**Q** 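I have a structure I would like to understand better, so I am pasting it below and will then ask my questions one at a time.
Starting from 1, each residue takes its place in the sequence as its number. Since we're looking at a predicted model, the values are computed, not measured. All values below come from the heavy atoms of this structure, side chains included, with hydrogens, waters and symmetry mates left out.
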Amino acid sequence: MLSHLLLATGFLAASLPALAQTAQPTSSEGPAPPSSQQQAVITQQDESQVRVYRLVGSKAVGADGQAIGKVDDLLLDRDQRMVAVIVSVGGFLGVGSKSVALPANRVDISGAYGDERVVKVDATKEELIAAPAFKTREIMKAEAEEQAARARAMQNMPSGAPGAPRPLPAGSAPSGGSSTQ
């Protein structure tokens, strides 16, 4: 939940150009309204803005309108710009699906402004199913820890234990080597 809130904050803060600009009525009396950079709070959503919750969970469709998957997440850089849209593809009812990250320039979020909540992607379902899965830092860290644990287990395994490499019988050449006769 917190990650979605942070994503929403970051995405809305920088990805849409007119985010902090709201029309301020001008009057001939009183002080001038604060500029958008001095604005303490935003009081209403502008027509050019979309909330992140409208994107996450949206149906992802190809250029032909065929359903491809659904938007699982957004990837932002340190400058709070949207780098990619992470789409869940394949599987049945979410089981067996994988996440694929599409660069922001291959995604059109304009359909998420309406009631339908659709994000158009410049890819086919087949292309995304064949694409490598997106790995988060958390997944990569878990995989590295699992691989290190396996390596430690193999080092600590006694030589006669099941699964341990067995010594070659005397006079046998290792596979791949040549023997002279």
Side-chain angles (χ1 to χ4, degrees), residues 1-16 50-64 66-109 111-112 117-179:
M1 182 69 181
L2 180 59
S3 66
H4 287 297
L5 179 60
L6 291 174
L7 274 173
T9 304
F11 180 71
L12 292 176
S15 293
L16 301 172
V50 64
R51 295 171 52 199
V52 171
Y53 95 93
R54 300 288 297 169
L55 297 173
V56 175
S58 295
K59 179 171 52 171
V61 299
D64 60 358
Q66 178 188 3
I68 291 178
K70 74 174 186 94
V71 176
D72 271 349
D73 213 340
L74 303 174
L75 190 62
L76 305 177
D77 66 12
R78 289 183 180 185
D79 293 327
Q80 301 175 11
R81 287 184 296 235
M82 185 173 72
V83 173
V85 172
I86 301 169
V87 178
S88 175
V89 295
F92 180 70
L93 297 174
V95 177
S97 64
K98 70 174 178 178
S99 295
V100 177
L102 283 167
N105 64 353
R106 294 188 66 190
V107 179
D108 176 10
I109 64 169
R117 290 180 54 185
V118 174
V119 173
K120 291 182 183 174
V121 298
D122 180 22
T124 64
K125 187 172 190 172
E126 293 76 24
E127 178 186 352
L128 295 184
I129 289 172
F134 174 74
K135 293 182 180 182
T136 63
R137 285 194 318 253
E138 294 85 3
I139 290 172
M140 291 185 295
K141 181 180 177 186
E143 287 175 349
E145 289 171 354
E146 183 178 329
Q147 186 176 12
R150 278 192 214 137
R152 282 191 304 274
M154 289 299 287
Q155 286 177 341
N156 295 333
M157 190 178 292
S159 61
R166 297 181 182 177
L168 294 172
S172 297
S175 62
S178 62
S179 61

**Q** Pick one: which of V121, I129, T124 meets side chain to side chain contact (heavy atoms under 4.5 Å, CB included) with I68?
**A**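 Result: among V121, I129, T124, V121 is the only option passing the side chain to side chain contact (heavy atoms under 4.5 Å, CB included) with I68.
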**Q** For residues K98 and L128, report the shortest heavy-atom separation together with the two atoms involved.
**A**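 K98 and L128 have their closest heavy atoms at CE-O, 3.4 Å.
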**Q** Mind listing the closest non-hydrogen atom pair of D72 and S99 along with its distance?
**A**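 Smallest heavy-atom distance, with atoms named: OD2-OG, 3.7 Å.
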**Q** So which atom in A101 and which in A84 form the shortest heavy-atom distance, rounded to 0.1 Å?
**A**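 Shortest heavy-atom contact: CB-CB, 4.2 Å.
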**Q** Between OG1 of T136 and CD of E138, what distance do you get to the nearest 0.5 Å?
**A**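 These two atoms lie 4.5 Å from each other.
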**Q** Could you report the tightest heavy-atom contact between D79 and R81, atom names first, then the distance?
**A**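 Minimum heavy-atom contact is OD2-NH2, 3.0 Å.
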**Q** Over all heavy atoms of both residues, which pair between D73 and V56 is shortest? Give the atoms and the distance, please.
**A**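 Answer, listing the atom of D73 first, then V56: CA-CG2, 4.4 Å.
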**Q** Within a radius of less than 6.0 Å around CD of Q147, do more than 12 heavy atoms belonging to other residues, nucleotides or ligands occur?
**A**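 Not buried by this count: 12 neighbours or fewer within 6.0 Å.
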**Q** Taking the side chain as every heavy atom from C-beta outward, state whether L75 and F134 have any pair of such atoms under 4.5 Å apart.
**A**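 When only atoms from C-beta onward are counted, F134 and L75 do touch, with a gap below 4.5 Å.
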**Q** What distance do L55 atom CG and K70 atom NZ have between them, rounded to the nearest 0.5 Å?
**A**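 It comes to 12.5 Å.
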**Q** Minimum heavy-atom separation for M82 to V85, with atom names?
**A**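 So the two residues come closest at SD-CG2, 3.9 Å.
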